[in-house]
Amino acid sequence: MKRCLLELVVVLGGALCPFAQTQPAADLIIQNARIWTVDSALPEGEAVAVLGDRIVAVGSNQQVAAWRGPHTHIVDAGGKRLLPGFNDAHVHFSDGGAQLDNVELNDATSAQEFARRIRERAAKTAKGDWLLGGDWDETKWSPAELPTKELIDAATPGTPVAVNRYDGHMVLANSLALKLAGITAQTPDPAGGVIVRDRQGNPTGALKDAAQDILFKAVPALTHDQRRHAIERALGHAASLGVTSVQNMDPDYADIAIYSELLDEGRLTTRIYAAPLITQVDDQVRIGIRRAFGGPYLRIGGVKAFADGSLGSATAYFFEPFLDQPGNRGLLSDGMQPISLMRDHMMRGDAAGLQLCTHAIGDAGISAILDLYAEIEKQHGSRDRRWRIEHAQHMAAKDFDRFAELHVIASVQPYHAIDDGRWAERRIGHDRATRTYAFRTFLNHGVRLALGTDWNVAPLNPMLTLYAATTRATLDGKNPNGWFPEQKLTIKEAIEAYTMGSAYAEFQEHEKGSITAGKLADMVLLSDDVLSIDPAKIRDVKVLQTWVGGKLTYDVDMAAR
Ligand SMILES: [Zn+2]
């Protein structure tokens with residue numbers, strides 16, 4: 001109806017339509033808000049009007065009131081802060097949704113507590129069903145030692161257990177799970193992976209990086225209904241946190257099938273850009289998909305590669321060994337062994353116009369990926385590719401300039417900084433730590449940032465990310481003024497990187513990322529003004545309402561009922 005009116009106005013120049021003297025009415029007006037638009041052409045406003053799924057006006061209450069009609073829904077924001085919806089540039093969406101229902105081990109503060117929670121969950125789990133998830137973090141225990149299967153074997157005789165470390169680079173299996181996966185003292189370490197062993201050479205149950213795959217092959221895949229349930233949980237969680245877009249790294253194809261199904265039913269309430277694993281690059285190449293192919297709710301066209309492991313699992317790939325593990329400088333991923341394997345995958349993806357998003361954490365891992373990106377540019381010529389390095393945690397001093405020259409986007413997760421900051425210096429020393437989570441140094445070199453969380457590795461809550469980026473106050477409370485405070489972002493820089501920066505990283509900066517007339521109406525209303533409060537209080541800020549394409553996807557009052 002509204003569209004018809006709009007067309008009439010255009011086509012007939014107002015001559016025949018009775019309403020044509022006035023402009024079409026908005027479906028939604030949010031007024032009395034404190035808007036920071038993240039659009040430098042018009043940075044602030046009090047009100048915004050939405051027609052269909054687009055913003056049509058931003059300005060003062062009075063200016064926007066011109067869009068009011070008899071059926072316009074009016075929201076009084078009560079002077080609260082309105083921002084563009086957050087776009088999380090790096091999530092594992094179905095894993096995150098599944099984890100909302102899995103055993104929670106991340107905040108277990110001792111090995112005993114870890115074991116107790118697994119025992120309790122196993123008692124409630126049907127015999128033979130796998131006990132999964134967990135997100136455990138042994139650095140919160142004292143002593144901070146890796147768990148072993150002996151901790152949980154006695155309590156889980158009939159339940160195979162495969163609980164992951166929170167970073168996803170290590171899993172602990174119990175004896176039954178090892179048996180089902182056929183992992184024994186005789187099983188060799190796979191390329192890019194480690195089976196942790198005791199002095200006699202027997203597996204302890206901990207499996208690092210590529211060694212996890214041997215175990216996960218034995219875990220039955222989620223059924224369609226289980227996967228759909230996990231994704232629906234994830235969508236609800238995202239809406240409640242003001243996350244209106246996510247960039248889904250290495251989803252299963254089955255996840256994309258569920259997104260597509262939900263989209264068809266009008267139930268996809270978070271916009272998704274999916275980047276499947278680069279090992280599957282030929283699938284997208286064959287179809288002829290290019291970067292950011294799709295519609296406003298669902299896009300594909302990226303590929304996700306892995307250069308190395310993680311700092312916490314001591315598998316991030318460095319030029320120099322870890323201080324606390326002198327013989328070890330990390331691992332290149334199995335996809336990088338040999339490097340020509342990765343080069344070949346990347347060249348094929350790039351030639352087809354796909355976007356490359358590469359996980360690289362250690363300085364040598366990042367350097368190796370920059371080498372590959374430079375080779376591709378040399379061979380295929382320069383164009384607007386928006387290559388990404390996911391995490392970009394520990395930079396070699398020589399690589400900041402190269403990062404900028406190749407126009408690589410640093411897709412970073414500030415929460416990891418306040419988490420790893422508790423212990424990172426013990427592992428890599430002071431000098432390397434000065435170039436760790438070096439957000440300010442990136443900006444100084446003209447590198448674009450895209451912010452995200454890596455959920456389920458870290459919480460999806462954008463307030464924790466903004467808190468982390470602006471305070472760099474480590475979770476142990478030991479750096480109240482910031483761990484390497486010179487790398488802090490201002491709140492405006494952090495929000496911009498989390499909205500426009502992330503939109504740019506998925507080629508959508510003309511569609512979303514700011515509250516601008518013409519763009520998709522994705523917005524979030526906050527309980528407190530994150531732009532003016534003490535940054536230490538940002539983590540307590542709550543979302544009041546979330547809109548995606550002008551539709552209310554979360555309302556704190558409705559959620560409380
Ligand atoms: Zn990730």
Side-chain angles (χ1 to χ4, degrees), residues 86-100 102 106 133-137 164-171 192-193 208-210 212-213 216 230-231 234 237-238 243 245-252 255-256 270 272-280 300 302-313 315-317 330-336 355-362 365-366 369 387-394 408-417 419-420 437 449-462 464-465 468 498 502 505-506:
F86 294 98
N87 181 340
D88 193 315
H90 186 126
V91 299
H92 303 283
F93 209 55
S94 65
D95 292 343
Q99 180 57 26
L100 295 173
N102 277 338
N106 191 262
D135 291 341
W136 50 271
D137 180 1
N164 60 287
R165 191 172 191 273
Y166 74 104
D167 63 2
H169 290 270
M170 213 188 312
V171 65
K208 295 187 180 190
D209 283 282
Q212 301 181 100
D213 300 340
F216 287 137
I231 287 171
H237 192 54
V243 176
S245 290
V246 295
Q247 301 177 38
N248 192 177
M249 293 297 130
D250 46 85
D252 287 345
D255 294 338
I256 300 176
T270 310
I272 292 170
Y273 180 44
L277 280 174
I278 197 166
T279 47
Q280 305 166 304
I300 54 174
V303 282
K304 166 79 182 302
F306 280 91
D308 60 355
S310 78
L311 188 68
S313 295
T315 50
Y317 189 57
L331 283 175
L332 280 174
S333 74
D334 48 347
M336 294 277 281
Q355 184 185 24
L356 306 180
C357 313
T358 310
H359 163 121
I361 289 185
I366 295 168
I369 296 306
W387 279 322
R388 303 161 50 143
I389 288 188
E390 305 300 319
H391 314 307
Q393 265 171 230
H394 312 282
V408 178
I409 296 163
S411 170
V412 297
Q413 300 80 34
Y415 187 87
H416 291 342
D419 196 353
D420 293 8
Y437 300 108
L449 299 178
L451 260 55
T453 59
D454 205 5
W455 187 51
N456 57 318
V457 179
L460 185 64
N461 186 348
L464 296 176
T465 298
Y498 218 157
S502 303
E506 55 158 328

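When a ligand or atom number is given, it counts from 1 through the structure's own listing order. Both backbone and side-chain heavy atoms feed into the values below; hydrogens, waters and symmetry mates do not. If you read the sequence from its start, that first residue is 1, and numbering goes on from there.
Around the Zn ion (ligand 1), the protein atoms of type N, O or S that sit closer than 2.8 Å are His90 NE2, His92 NE2, Asp454 OD1.
Residues satisfying the side-chain contact (heavy atoms from CB on, under 4.5 Å) test with Ala468, not counting sequence neighbours, are Pro414, Ile418. By the side-chain contact (heavy atoms from CB on, under 4.5 Å) test, Asp209 is found to be paired with His169, Thr315, residues two or more places apart in sequence or in another chain being considered. Listed by chain and number, the residues in a side-chain hydrogen bond (donor to acceptor under 3.5 Å, both in side chains) with Gln247 are Asn87, Arg388 (sequence neighbours excluded).
With hydrogens and angles ignored, the 3.5 Å screen pairs a side-chain donor or acceptor of Asp88 with a backbone N or O of Thr453. A donor-acceptor pair is defined here as one N or O able to donate and one able to accept, closer than 3.5 Å; no such pair exists between the side chain of Gln212 and the backbone of Asn164. The main-chain N or O of Leu451 is found under 3.5 Å from a side-chain atom of Ser502 such that the two form a donor-acceptor pair.
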